[in-house]
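Presented below is the structure to which this report refers.
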Amino acid sequence: MEIFGPEESSSWLREQMLAREIETFDELQDKTGIHKGNLSRYFRQQQSPSVRVIPALCDALGCSPHSLLIGLGVIAPSDEDALAFQLDD
């Protein structure tokens with residue numbers, strides 16, 4: 001599998017946010033303590049998050065660090081990951 005591009009990352013984020021009734025970056029900022037500008041840059045793949053913000057993102061989005069890194073386009077999903085992402089849809 002290939003690494004997610006910016007469009008896939010944005011789509012993945014939107015799905016995660018909607019599943020948790022988070023409608024805006026302002027709300028995600030409130031839940032994570034991460035500035036909404038940084039959140040936007042992470043999911044447009046203009047900046048990678050530091051290790052210290054990953055737990056807050058995972059807590060807010062209800063995902064594992066592994067899933068988050070796939071969603072951000074940092075690592076490529078394995079075939080098993082791809083199946084899990086399809087099953088989550």
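Atoms CD1 and CZ, from Ile22 and Arg14 in turn, are 10.0 Å apart once rounded to the nearest 0.5 Å. The structure places CZ of Arg44 at 8.0 Å from OG of Ser10, a figure rounded to the nearest 0.5 Å. With rounding to the nearest 0.5 Å, the separation of CZ in Arg52 from CG in Leu57 is 11.0 Å. In this structure, Ile54 CD1 and His66 NE2 are separated by 12.5 Å, a value rounded to the nearest 0.5 Å.
Judged purely by atom type and a 3.5 angstrom limit, Gln46 has no side-chain atom pairing as donor or acceptor with the backbone of Arg41. Within the 3.5 Å criterion, the main-chain N or O of Cys63 finds no donor-acceptor partner in the side chain of Ser67. At least one donor-acceptor pair under 3.5 Å links the side chain of Arg20 to the backbone N or O of Gly62.
Nearest approach of Gln29 to Lys36, heavy atoms of both residues: OE1-N, 2.7 Å. Among all heavy-atom pairs drawn from Gly73 and Ser9, the shortest one is N-OG, 3.7 Å. Across Asn38 and Gln47, no two heavy atoms sit closer than the pair OD1-OE1, 3.8 Å.
Between Leu28 and Ile34 there is no side-chain heavy-atom pair separated by less than 4.5 Å. Put simply, the side chain of Ile75 does not reach to within 4.5 Å of the side chain of Ile3, judged on heavy atoms. Phe43 has its side chain out of reach of Pro49: every pair of non-hydrogen atoms, C-beta onward, lies at least 4.5 Å apart. You'll find the side chain of Glu23 stays beyond 4.5 Å of the side chain of Met17, heavy atoms only. Between Leu61 and Trp12, some side-chain heavy-atom pair lies under the 4.5 Å cut-off. With a 4.5 Å cut-off on side-chain heavy atoms, Leu72 and Phe4 do not count as touching. In this structure the side chain of Ser48 never reaches within 4.5 angstrom of the side chain of Tyr42, judged on heavy atoms. Between Thr32 and Val53, every side-chain heavy-atom pair lies at or beyond the 4.5 Å cut-off.
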